[in-house]
J.: 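The following block contains the structure, expressed as structure tokens.
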4 protein chains.
Amino acid sequence: MASESGAPGGDAAGAGAPLTERGARTRERLLTAAREVFEERGFLDTRVAHITRHAKVAYGSFYTYFPSKEAVFLEVADRLFADMTQHDLVPLEGPSPAARVRRANRAYYEAYRRNAKMMAIIEQVSTFNVEFQEMRRKHRAVAVSRSAKAIRRWQAAGLAPADIDPEMASRALAAMVDHSLYLWLVQGEEPDDRLLDTLDTLSIRALGLDP
Amino acid sequence: MASESGAPGGDAAGAGAPLTERGARTRERLLTAAREVFEERGFLDTRVAHITRHAKVAYGSFYTYFPSKEAVFLEVADRLFADMTQHDLVPLEGPSPAARVRRANRAYYEAYRRNAKMMAIIEQVSTFNVEFQEMRRKHRAVAVSRSAKAIRRWQAAGLAPADIDPEMASRALAAMVDHSLYLWLVQGEEPDDRLLDTLDTLSIRALGLDP
Amino acid sequence: MASESGAPGGDAAGAGAPLTERGARTRERLLTAAREVFEERGFLDTRVAHITRHAKVAYGSFYTYFPSKEAVFLEVADRLFADMTQHDLVPLEGPSPAARVRRANRAYYEAYRRNAKMMAIIEQVSTFNVEFQEMRRKHRAVAVSRSAKAIRRWQAAGLAPADIDPEMASRALAAMVDHSLYLWLVQGEEPDDRLLDTLDTLSIRALGLDP
Amino acid sequence: MASESGAPGGDAAGAGAPLTERGARTRERLLTAAREVFEERGFLDTRVAHITRHAKVAYGSFYTYFPSKEAVFLEVADRLFADMTQHDLVPLEGPSPAARVRRANRAYYEAYRRNAKMMAIIEQVSTFNVEFQEMRRKHRAVAVSRSAKAIRRWQAAGLAPADIDPEMASRALAAMVDHSLYLWLVQGEEPDDRLLDTLDTLSIRALGLDP
DNA sequence: CATGAATGAGAGTTCATTCAT
DNA sequence: GATGAATGAACTCTCATTCAT
């Protein structure tokens, strides 16, 4: 599956990976073009012809590298998720739980803003493509369980109240941040920069952390 | 708003409201069938033929009452929103802010569960239909401003901390509840009934209410 | 055939003629509306619904009086031809052949102008409806043979050169007048009132008449 | 003008000019088939499927080269007009005005007879397609102004009476010839070879030329 | 007679995918 | 590999005509 093989050379696409230098370049051009076109028109309104035209590649060449429109999208999304979860790799150790919540929220916000257009399309595809839903579910699960682990640690250290369910709380708060950003940055809900502060404050209060 | 233009009596282009009893029945059959088919297959995979077959009317009869697939959907969604927001009309006066938050969350949950399948489709359509996005935005705005007003009242009464932005907080918490239910009831995220309690607890804590 | 039964009460339409006073009025309303709508939108773009709406009559009532869209059109055209050929009945005796040519041309022009919109539609229908072509052919034949007879008389009286074929000449000159008016009044060819004088002059010269 | 936008090389919306030899052949097959089918069934009764079947190509291939039925028709008509006006390029210098009128009439007659079936369809389309009306108007204007210039020259040389309006006269006579041929060759008016001679004679007499 | 709903055979157009060169 | 033509199953919407009330 694409989520396991983000790097070129994997067998994500189902079509033979390019062996030559030239092939690799063409494939790359198609991927870049695909992302740009998807962002511009959405998945549904994107035609394979749009992608090849944008990539300045022959129509037929598309199918040399990708077995279908879904396949390119999956790979584009894969790269995006790599970018989105990169911040998680940053050492989460820091001065205080509250500070770390704030930092994580901001990092996610930055990543979201950077990829807002694709996030919109990802949301779109998630509504009808089961394979893709599964991919998202996995990504979410990883993030949620990481947060849950942190909460559990804080509870053990007496920094967070014990009556909170770590899994459920991280699921709910992730949903809050994620969807708030979606409504703001994708659906164009009236922008308001107080929102970010509010998300921090609510998260911290909800978890009973010392601000 | 859709409830004014989509309802019988409007003069949507090319389709008219039925003038006879019989026509009204056919229209109703189509609406019911439409909802059932949409729930079954999603908006994109629904064909007008599916709807008419399900309603046991001729293909062409569909266009006697609706100018397009989008139009029936809008009307189906309109009815759904009416049902979803009905609970808001319940008097919000109650024993305590925390109790009222719980009650509102539960009411929303019940409504969501009742309409989960359609909510999925509504999410789908929202990702590509601008007109429909606007309709949802308005519904959200109404709900959010109502919650904000409540928060403001509680702040004035000293029942909630003053440093919370009522608008932003209600936006964020609505997003939390809404999206958590979406991931659970629509996307099939591993079900867990602790989630509901967690949503209540987090909401109440986040708002600094006395549990 | 419609051309033989222009008056209500004939069996032109194939549907029973109206027996009651009320029926006659409805039928009349439909005929008037039909003409107006045909003139406005052309035959092809006219829908039966347009006609009934315009006549403020129920959709189904149309088929009480006319078996098809073609049938109303035929009857509308029939009335029009009656108006167009009325002027032929005016005694053609006059001071001189040239004067009579002029008078006939002007009379035709007046009639054409009066009915220009319908003439356009008639031309349209003639291009695909064989039955209708035949109707027009008959009308033309009558007019042409009448003119031919006049030319023959003038030849016998020494007022026109004998080397002209009366039938062919009247066919050709009728075509000239008819089509010139068509291009002018229907196709919107740059209007020019010198055209009428030219038609007279050319007709008279072509027939070798003393102006 | 159609000859600029309809011809290969234009970028008519949705359809492109073939880039390969093979594509050019397919396009040509479609054009030929289109003309044959149009002649056989008329514009209105022609289906795209008829054309593709006749050309032995897949249904969809039609839309590789033409954006619509109208578009092929425009291009077929364009080619026809090129053929119809070819004779105008023949040097008009000749023994006498009368002889040149005769020659022009005969050349037009030959062209008309060669293309009679398509002329019928062109007439049909002209009655409802505005774009196409404009195209015909332009072609007519060119032909008429050329004749008018000749008449003017003859008047200057004293070969034609000065009281004739050259523009109007050439419009009227063109209408006469055109429509007479139309009624004969298209509408199947009783054929008569005296008609051609009569058209010559009337034209010459009408213009006051020395036979 | 009047009314308006019901019918369903088309027709044009799209576009992912396959294939020939 | 690259190129672009070829394919044809869908799908939506129209509208003359028929029918039930």
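We name chains A, B, ... by the order of the sequence lines, and we start the count at 1 in each one.
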J.: For D:E28, what residues pass the salt bridge (Lys or Arg N to Asp or Glu O under 4.0 Å) criterion, not counting sequence neighbours?
T.: D:R79
J.: Using side-chain contact (heavy atoms from CB on, under 4.5 Å) as the criterion, list what pairs up with D:R25, not counting sequence neighbours.
T.: D:E21, D:R22
J.: For the pair made of CZ in A:R53 and P in E:dC15, what is the distance, rounded to whole Å?
T.: 11 Å
J.: For the pair C:F132 and C:I122, evaluate side chain to side chain contact (heavy atoms under 4.5 Å, CB included) and give the outcome as yes or no after the intermediate values.
T.: CA-CA 9 Å; C:F132 198 69; C:I122 280 173; 3.6 Å; yes
J.: Toss me the dot-bracket line for DNA chain F: Watson-Crick and G-U wobble, both under 3.5 Å, 5' to 3', using | for pairs to another strand and [ ] for crossers.
T.: .||||||||||||||||||||
J.: Can you list every pair that meets salt bridge (charged side-chain N to carboxylate O under 4.0 Å, His left out) and has a residue in residues 49-66 of chain D, with sequence neighbours left out?
T.: none
J.: Applying side-chain hydrogen bond (donor to acceptor under 3.5 Å, both in side chains), can you list everything that pairs with B:E36, at least two apart in sequence or on another chain?
T.: B:H54
J.: Over how many whole Å does the gap from D:L19 atom CG to F:dA6 atom P extend?
T.: 11 Å
J.: Return the set of residues passing side-chain hydrogen bond (donor to acceptor under 3.5 Å, both in side chains) with B:E134 (not counting sequence neighbours), or none when no residue passes.
T.: B:R137
J.: In whole angstrom, what separates C:R29's CZ from E:dC1's C1'?
T.: 13 Å
J.: Please figure out whether B:A58 or C:V57 has its closest DNA chain E nucleotide nearer the 5' end.
T.: C:V57
J.: Looking at E:dT3, F:dA6, E:dA5, which one has an atom nearest to any side-chain atom of D:R22?
T.: F:dA6
J.: Measure from CD on C:E21 to C1' on E:dC1 and round the result to the nearest Å.
T.: 14 Å
J.: Output all residues satisfying ring-ring contact (aromatic ring centres under 6.0 Å, His included) with A:F62, sequence neighbours left out; order by chain, then residue number.
T.: A:F66
J.: If a protein heavy atom is under 4.0 Å from the base, mark B; if only from the sugar-phosphate, S; if neither, -; do that for nucleotides 11-16 of chain F going 5' to 3'.
T.: SBBBSB
J.: Residues two or more places apart in sequence or in another chain: which of them pass side-chain hydrogen bond (donor to acceptor under 3.5 Å, both in side chains) with A:E39?
T.: A:R35
J.: Tell me every residue that passes side-chain contact (heavy atoms from CB on, under 4.5 Å) with A:E70, counting only those two or more places apart in sequence or in another chain.
T.: A:F43, A:S68, A:N129
J.: Would you please confirm or rule out a distance under 4.0 Å between OP1 or OP2 of E:dC1 and any side-chain N or O of C:Y65?
T.: no
J.: Using atom CG of D:L30 as one end and atom P of F:dA5 as the other, report the distance to the nearest whole Å.
T.: 13 Å
J.: Among residues 31-42 of chain B, which residues get a heavy atom nearer than 4.0 Å to DNA chain F?
T.: none
J.: Could I get the full list of side-chain hydrogen bond (donor to acceptor under 3.5 Å, both in side chains) partners for D:E123, not counting sequence neighbours?
T.: D:R136
J.: Please check this pair: side chain of B:R41 against backbone of B:T46, looking for a donor-acceptor N/O pair closer than 3.5 Å.
T.: no
J.: OP1 or OP2 of F:dA2 sitting under 4.0 Å from any side-chain N/O of A:T26?
T.: yes
J.: If only side-chain N and O atoms of B:T20 are considered, is one of them under 4.0 Å from the OP1 or OP2 phosphate oxygen of E:dT3?
T.: no
J.: Compare all side-chain heavy atoms of D:F38 with those of D:K69 and state whether any distance is below 4.5 angstrom.
T.: yes
J.: Closer to the 5' end of DNA chain F via nearest nucleotide, is it D:K56 or A:K56?
T.: A:K56
J.: Separation of A:H50 atom NE2 from E:dA16 atom C1', in whole Å?
T.: 13 Å
